[in-house]
Structure formats: structure tokens, C-alpha cells
Amino acid sequence: MGTNSEESLLLHGDLELRIIAARALGTSSEVDISSGVTVSVAETVVTRTPTSSNSSDSQQGEHFNILLAHPVVDLELKIKVGSKVRGGKRIKGTVKVPAWRIITGEIIREWYPMVHVKGDRCKNLDLDIVMKFTPCDQNPLYDQGIAGDPEQAGVRNTYFPLREGNKVKLYQDAHVPEEMSRETELVRGRFFEHPKCWEDICHAILEAQHMTYIVGWSVSCDIKLVREPTRPLPRGGDLTLGELLKSKSEEGVQVVVLIWDDKTSYDIFGIQMRGVMQTHDEETRKFFKDSSVICKLVHRQANKSHNIFTRALNGFIFSNHQKYVLVDTQAADHGRRITAFLGGLDLCKGRYDTPEHSLFRGLATIFKDDFHNPTFPSKTKAPREPWHDWHCRIDGPAALDVFRDLEQRWWKSARKKKHDALISMESILHMLSPSLAASADGTTVVPEDYSTLRVFGEDNPENWHVQIFRSTDSGAVKGFPEDLGFAYAQNLVCSKGLVKDVSIQTAYIQSIRSAQHFIYIENQYFIGSSYAWPSNKDAGANNLIPMELALKITSKIRANERFAVYVIIPMWPEGDPNSKTVQEILFWQSQTMKMMYGIIAKELQNMGHQDAHPQDYLNFYCLGKRECIPGENPASDVDAGGKTEGKRDWLLHLSTRVSPGVPTSGGDPSTSTRARKNKVSKSQEFQRFMIYVHAKGMIVDDEYVILGSANINQRSMDGSRDTEIAMGAYQPHCTWGEEHPRGEVFGYRKSLWAEHLGTVDGPFDDPESLECVKEVNKIAEENWEKYTAAKFTVLQGYLLKYPIQVEKDGEVSPLPGYETFPDVGGQVLGKNSLRIPNIVTT
């Protein structure tokens, strides 16, 4: 049946696996395996069937589609055999299929012997399996980008299908000032517009007639959405968010606020605890308590099949992390439609910012009562923490799928008598909305099409195709089928008694595999593929995204084609970088980087590219800013780029804007009087701080964008940890053909780069080119030198080299002289903690 080869082979592709039956050797009778089957590669579980207490509800005949990017010796199926064997006792066994058989791509149909966990053969037990492996480079699905798919089917094997006929806006930070010029020209003589996220949300809420639903990790009632208005506000636009929602509720609009219940916060008998994550959930609940606004705090629920300890632990460790707003808005035919705002921005304190990312300006005006910087203890003089994020607006059929997520979460969390508290679409007579059907057992039925809700026809060049993705499970939503066959048919995954939707990870994987030119990522975290790390392979961060990126690059190296991956992350995760939690996250992140650079370096060596460097293909960056404190270090000249009076060029504006009379350079701040005062941070002294990257998105080939609430880590991608939502979208009339696409996705990426690089002049229309990579790296390296210099110097934009040094052989170490982060400390490569469970920090 094979060979004794122990050679590890890379299985990168799609594995179709079907478990037909188990049998006792020498008989025709089948054996019950309803106690569960676990499929593992490289000692990593890639899928498992749930345990069934009903022996007739067997997993036999189940079909799996498994995405692999693993070095493998054997694929293992670990099986628990039920009570029909050995007098009713359950036994455990393993079936091994060698990688050399799988990688051939041939259809394998054989009876494989089961081996006991102790190593001896399970007496008289065999397993009948069928499998076929399709390598990525032989799968036509990955021959072109998702946007270029001739079938226009979007990401395959997901819960929600691709929806046509949508309108999409892409937001850059919570607000964009009017002085931002139209720098990026698109197709048909148009320029990329810069919509205003929180201002648009405020107007949508003010104009809602039937419903306003807010789902968030955190919602602050005392913030103002509009602080720098660019158009007249209707009555009520100057209210705080909480008062605005109360006002709309009193008008008869149904207002529902669904936020995460942080179990470490409480307000009982006058005793208040604000909680570890400072989400202000109890304050929000209390604010709406005696109003007509429905406010519900929902902890991250586990499945009832879990034990009491696991269920309690879920509520403390994991969160409901989704962030979206649903409102009814005006449709073109004078009717109403549902609009969804979705992405990384919570409507809470510390999130409002613009591409100027001020450190010290506006603290008494724009950011009044909204100062946020958790790096330092309270009452420490420090800059505010600038906030960078991605968000979007969806009008059209895909917004209904966002509503369906809310509906399923509401059914799960609300008491039965309140199940109908949400407005049904049938009752909104002005909306052209199909019925949200459900089967007799309560399972949600997802319609294949919402053609009557399309905003644009397929011939309209402004049309968008949009698909909604999630990370969630049956512990958090109601409406997933209990029948396993139906669950698999809806592209759901079964694991440890849970039915999971892991379509966000599926979307990332398929998008990366289909990429042809470049990938651009901004994310709050970057952790994954721990099974291939240099150490701590059992950390449990098994999502495939980092490995897929590395393998995409190596495939292009073998094909002698250019490809580039750009990744922007925060300088350190939010909080004190010296804390054990942040240090462990940084450690996992450095392990991920080392793994990726090692794979790329090895491929360059194998191909004989002696002059090439891994950073010709993959680079990590962070964002930072230096800004004079208003009123300090006065001088008569502006000597780092010129004054801004009379200029509309927003790039120059961002690079040089200072308060009147404040220079862009000065002496060593360590000699100032501030240094002699107590509780003055070094960040305040040196007038610099990181810009916190909270964005969670990816742009592929300037034609496809994914953005949402999901981080690139196991918490967000697992499906049974944090709940997440995201969207993937493209314009079918702006995809790769003979020329580079120049649609809204292209404009969005160029706008982000203009913010980060401080210029639009350069080879930035061709991100895959080596010229572009080197120019971006040049700016980032120069900015790092300016950022860390004792003498105050304004940066060009905000992009900084991430403080690591990468050798040609892929070795990763801290940048010389910067083993710890400037001003705040904390090891750049992090440190593993034996006291913190991996499940918390991965």
C-alpha cells in the first residue's frame, strides 16, 4: 500500500475527503463511528466531525473540503469507535494516509487499517475513505483573481453567496477633512472621492424612518459623530450619540443597540468595575435603561454541549467583536432600503480621527473629552493615540445578509418573548424586501438572489459585487441547521459540538491564492500558521493566512514573476508594550514573520537568485508621527517642507501642518523644562507616537477588497472564539484585463498610500514592481530615522519601517539599536509567557 518514507511534503491545495464507512475485518457489518472523526496534518487539526450521542446519527459518508498549506508526512484520521465494538467500550484509533500518495492528485479509494493509540493495530477494524487532492497550481479556480472569475461566483464554499447590484463606499478613518484634494484619477475621467464615515452614519441615523440597529464591541453614548461638518446637519445632528438614539426612538424609529457584555465589568449596588477592556458596556446599558431604546449586552456564548467551566471561560476570554450599523435609507424610487455600515470602527471613544492623525492639536476642541492613550498610566502627560481604520457602506442586496446576521444573533441572545422585537422586513411596506424564510425547525434559509433589491444593473459601471463573510458559531447565532448534512450543504463546519461559519478565513485564503500581482494588508494583528513556526508549533494559531502569503510569493519566484506583499501593523498592540500579554502577542507575531521570511529565503536559494532578498517580496511596516506641541519651541521659520498657507495639496498639508508660530524642527527636547517635571512621558518629550493601526482589511491586485472586524489571528479566524463580520467586494467593470484596473478599489489603495507615504509621485501605480518596493522601503527607512532622532524632524507621511532586520537567509532580529520600542520599552520581538494561556493571545 505504499512506502515507509518519512519525508515531509508540502500539501498546498484543496483536499476532498469522504469517509465512507468503518467495518470489522472479515465481516460486511459496518461499525459505528458516531463518536467523532478528527482530521490532522502536521499535528494540527484541520477539521473534525461533532460527537453524536445518537448511534444512528453516524458521520459515515460525510464529505469534507479541506484547505491545506501544510508540510505533511501523513494525513491522520483520529477516530473514536462507539459502543458496537468490544462489548460496548469506546476505543480510539488512527488511520494514516502518507503524503506521497495524496500529492499525486489521483483519486484514492481504499480500506485503511486503524492503528490503536498505543501503536498496535486495532483488531479487525478498517476505515473506507475516498480522497482527491488538487494542488493550487493545478486548480483553475486560482488562475485569475476573484474579480476576474468568468463564473462571477465570488468566494466559493461560503454561507452567504455573492450579491450583485450593490453600491459601496470605502471609508478611510472616521472622517476626512475637506482640504484633501482629488489626487487619484479613476476611469472615465472621475476622481476618487473621500467620503466621511461618521458624518454619513450620523445623517443616515437622522434620516431613518423605521429602524436603527447598532452592533458593536463597544458603544459610547457621550461621543459626537460629527465634529468637523462638511454639510448642513439636520436637527439633532449636534447631539451626542446616546441622545441622538433616544431622540430617534421617541420619534417612533425602532432603535436597537447590541453590544458585547464584558464579564469583567459590572455595576452592582453602587460598586462599579469598568472592566479589563474598558468598553463602557455597563455605562451604555445604564444610559438607555429607562428609554425606549432596546439595549442588550451579550457575552460571547459557548455551545450548551460544553461544560460549565468552558462556557464561563468563553464569556470572559472571547468577545462579540462585530461592528456595524443598519438603517433604512431613501431608495431611488422614493421607497426605502436597508443600508449597512460595516468595518473596523466602533462608535466609541478614541476612534474619531482623520488622516492628519493629530498628537497634540485639537485636544480642547475636536478631541475634547475624547482623549485616548492606554499605553500610559492615567494623569501622565502624553500624546493622544492617533487611530487609523477602514470602514464601508453597503447599499443593496448584500446589506440584507448583514441584517440576517443581526437577526440570527438576536434570536440567540433574546428571550423567546422578544424574538419578534426586531422589525420584520415584511412589515416595512416601503421596502422591496423578500421574506426571510426559515424551515420548520427554525433554520435560516438563505435566498440565492435578491434581484429586486439591486441598486445598479449589471451594465452600470458603478455596480459592485459584494459578499458577506463571518467568523461565528452556533453558540452565538440561532438558525444554523442541526442536521449535519444540511450544515455541510450550507458550507458550515462542524467541530466539538459546534456548527461554525469560518468564511472570513476562507475568503482570505481564496483571495491570496487567486492573487496575480500584489497584496496590500493593514491589520491590527498578524499571527498565524503556528504549525510551521521555528518554535512553539503547538501554540494553536493555525489559521493559514501567513503561510498562504509566503507560498504565494514562492510560487511567483518559481514562475520568475514579480509579486509583492505589503503588511502594515501597529508598532505594538494597544496597551503597555512591557506587559506580559502584549509581549506574548509580539512574540507570536515575530514567530510568524520568521516563518514567512525563512520560507521565502529558502525558495530564493533553491532557484539560484543569489542577488535577491526576501524583502524584495515581503515587507512589514508600522505608522508613526512627530508633531510639535502647540505653543512650544517657537521659531520664525518652517524648515522642513515649507508653510501650508494657500496650499490645497493635502499631502503637503499633512506633512508640514503645525500650529501658528510652531516650528517643524528644534533642539533636543530632553533638555527642556518638561523633562524635569513628574509624569511626563518620553513620547511627550520627543513629540512622537505611533499611529494605531486598527484597520482589518486586504486589497488584492487593485480590484478586490476585504474589510471588516476580523484581525489576522486565531481569535478572529477560528469561528468559535471572537465573533466577526467582513465583506469582500469588487467592481466587475474595473478588473484586470489588458490594463491595470482604475476603479474605486484602486483609488482607495492610492488614497491610503498617499496618506502613509506623503506623496503620490512615484512608481506607486505598479505595487508589484521591484522599483515600487524599493521606493516604499526607502521612504519607510528614512522616516524611521527621523522618527527616532533626538532632533525634531517632520516625517514624509507616516510610514515607518517595522523595527526588524531581515537577512538574506531569512533570519529575523531586532533592528540594531532598537531591541525595544523607542520611548516606551518592550522587546520588539516579544517574549513568551508561561502563565498566559495561548488561547488568549493567539
Side-chain angles (χ1 to χ4, degrees), residues 169 171-176 195-208 211-229 233 236-249 253 255-262 277-288 291 293-298 319-327 329 339-354 366-372 385 387-394 402 405-406 409 524 692 694-696 707-709 723-725:
K169 285 185 179 181
Y171 295 110
Q172 180 175 347
D173 301 320
H175 186 70
V176 179
K196 287 75 173 146
C197 183
W198 278 20
E199 191 170 10
D200 283 359
I201 291 174
C202 183
H203 278 264
I205 293 174
L206 285 166
E207 295 163 9
M211 60 179 234
T212 296
Y213 299 152
I214 298 177
V215 174
W217 178 81
S218 175
V219 173
S220 299
C221 296
D222 54 349
I223 62 167
K224 287 192 174 183
L225 295 178
V226 181
R227 309 180 192 187
E228 303 166 88
L233 274 174
D238 58 344
L239 296 174
T240 63
L241 176 60
E243 293 296 343
L244 172 60
L245 295 176
K246 281 185 177 180
S247 175
K248 293 302 295 185
S249 183
V253 175
V255 179
V256 174
V257 179
L258 198 66
I259 55 178
W260 173 50
D261 181 8
D262 181 354
M277 302 306 295
Q278 301 282 303
T279 60
H280 306 281
D281 56 328
E282 290 295 336
E283 295 172 33
T284 304
R285 179 189 60 80
K286 193 173 182 179
F287 182 87
F288 291 121
S291 72
V293 173
I294 301 172
C295 179
K296 185 167 182 59
L297 276 59
V298 182
S319 71
N320 291 311
H321 198 237
Q322 298 172 330
K323 311 150 196 312
Y324 58 82
V325 176
L326 289 163
V327 291
T329 57
T339 293
F341 295 88
L342 176 154
L345 279 166
D346 279 295
L347 301 182
C348 68
K349 286 188 173 182
R351 289 350 186 222
Y352 184 89
D353 209 345
T354 75
I366 298 170
F367 305 107
K368 184 180 180 181
D369 301 322
D370 194 9
F371 181 91
H372 177 78
E385 180 180 80
W387 198 269
H388 176 64
D389 226 321
W390 293 13
H391 217 74
C392 74
R393 170 176 174 158
I394 304 170
V402 182
D405 175 76
L406 172 65
R409 284 192 58 185
Q524 183 182 3
Y692 195 64
H694 192 258
K696 301 144 195 321
L707 68 83
S709 68
T723 58
E724 310 284 6
I725 193 165

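These numbers were taken from a predicted model, which means no experiment stands behind them.
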All heavy atoms of Met211 vs all of Val253, minimum pair found to be N-CG1, 3.5 Å
Hey, could you give me the OG1/CD distance between Thr212 and Glu207, rounded to the nearest 0.5 Å?
11.0 Å
Using the test salt bridge (charged side-chain N to carboxylate O under 4.0 Å, His left out), find all partners of Asp389 that sit at least two apart in sequence or belong to another chain.
none
Taken to the nearest 0.5 Å, the spacing of Gln322 CD from Leu406 CG works out to 9.0 Å
I need the Cys392 SG to Gln172 CD distance, nearest 0.5 Å.
14.0 Å
Considering all heavy atoms of both residues, which atom of Lys248 and which atom of Ile205 are nearest to each other, and what is their separation?
CE-O, 3.1 Å
Verdict with reasoning, His203 to Leu233, per side chain to side chain contact (heavy atoms under 4.5 Å, CB included):
CA-CA 7 Å; His203 278 264; Leu233 274 174; 3.5 Å; yes
Heavy-atom pair with the smallest gap, counting every atom of Leu297 and Cys295:
CD1-SG, 4.1 Å
Quick one: list whatever passes side-chain contact (heavy atoms from CB on, under 4.5 Å) with Val402, sequence neighbours left out.
Tyr324, Leu326, Ala340, Leu342, Ile468, Ile725
Quick one: list whatever passes side chain to side chain donor-acceptor pair (under 3.5 Å) with Glu199, sequence neighbours left out.
Thr230
To the nearest 0.5 Å, atom CG of Leu258 lies from atom OH of Tyr213 at 11.5 Å
Who passes side chain to side chain donor-acceptor pair (under 3.5 Å) against Lys246, sequence neighbours left out?
none
Got a sec, which residues hit side-chain contact (heavy atoms from CB on, under 4.5 Å) with Cys221, two or more places apart in sequence or on another chain?
Thr284, Phe287, Phe288
For residues His175 and Val226, determine if any side-chain heavy atom of one lies less than 4.5 Å from a side-chain heavy atom of the other.
no
Between Lys696 and Glu724, is there a side-chain heavy-atom distance shorter than 4.5 Å?
no
Not counting sequence neighbours, which residues clear salt bridge (charged side-chain N to carboxylate O under 4.0 Å, His left out) with Asp222? List them please.
Lys349
Residues in side-chain contact (heavy atoms from CB on, under 4.5 Å) contact with Leu239, at least two apart in sequence or another chain:
Glu243, Leu244, Ser247
Applying side chain to side chain donor-acceptor pair (under 3.5 Å) to Arg351 and not counting sequence neighbours gives none
Distance-minimising heavy-atom pair for Cys202 and Gly237:
SG-O, 4.0 Å
If the condition is side-chain contact (heavy atoms from CB on, under 4.5 Å), which residues does Ile366 pass it with, not counting sequence neighbours?
Arg227, Glu228, Tyr352
Could you state the interatomic distance from CG (Leu345) to OH (Tyr171), rounded to the nearest 0.5 Å?
11.0 Å
Step by step, would you call Asn320 with Thr723 a side-chain hydrogen bond (donor to acceptor under 3.5 Å, both in side chains)?
CA-CA 5 Å; Asn320 291 311; Thr723 58; 3.0 Å; yes
Does Lys169 have any salt bridge (charged side-chain N to carboxylate O under 4.0 Å, His left out) partners at least two apart in sequence or in another chain, and if so, which?
Asp200
With sequence neighbours excluded, residues passing salt bridge (charged side-chain N to carboxylate O under 4.0 Å, His left out) with Asp346
Lys323
CD1 of Ile259 to SG of Cys348, rounded to nearest 0.5 Å, is 10.0 Å
Would you check if Asp173 and His388 make a side-chain contact, meaning some heavy-atom pair closer than 4.5 Å?
yes
Just wondering, do Val325 and Leu347 contact through their side chains at under 4.5 Å, heavy atoms?
yes
Before you tell me yes or no, could you show the steps for Lys286 and Glu283 under salt bridge (Lys or Arg N to Asp or Glu O under 4.0 Å), namely the whole-Å CA-CA distance, both residues' side-chain angles and the distance that decides it to 0.1 Å?
CA-CA 5 Å; Lys286 193 173 182 179; Glu283 295 172 33; over 6 Å; no
What residues form a ring-ring contact (aromatic ring centres under 6.0 Å, His included) with Tyr692, not counting sequence neighbours?
Trp387
To check you understand the geometry: which heavy-atom pair defines the closest contact between Leu245 and Val293, and what is its length?
O-CG2, 3.7 Å
What heavy-atom pair brings Ala204 and Val327 nearest, and what distance separates the two atoms?
CB-CG2, 3.7 Å
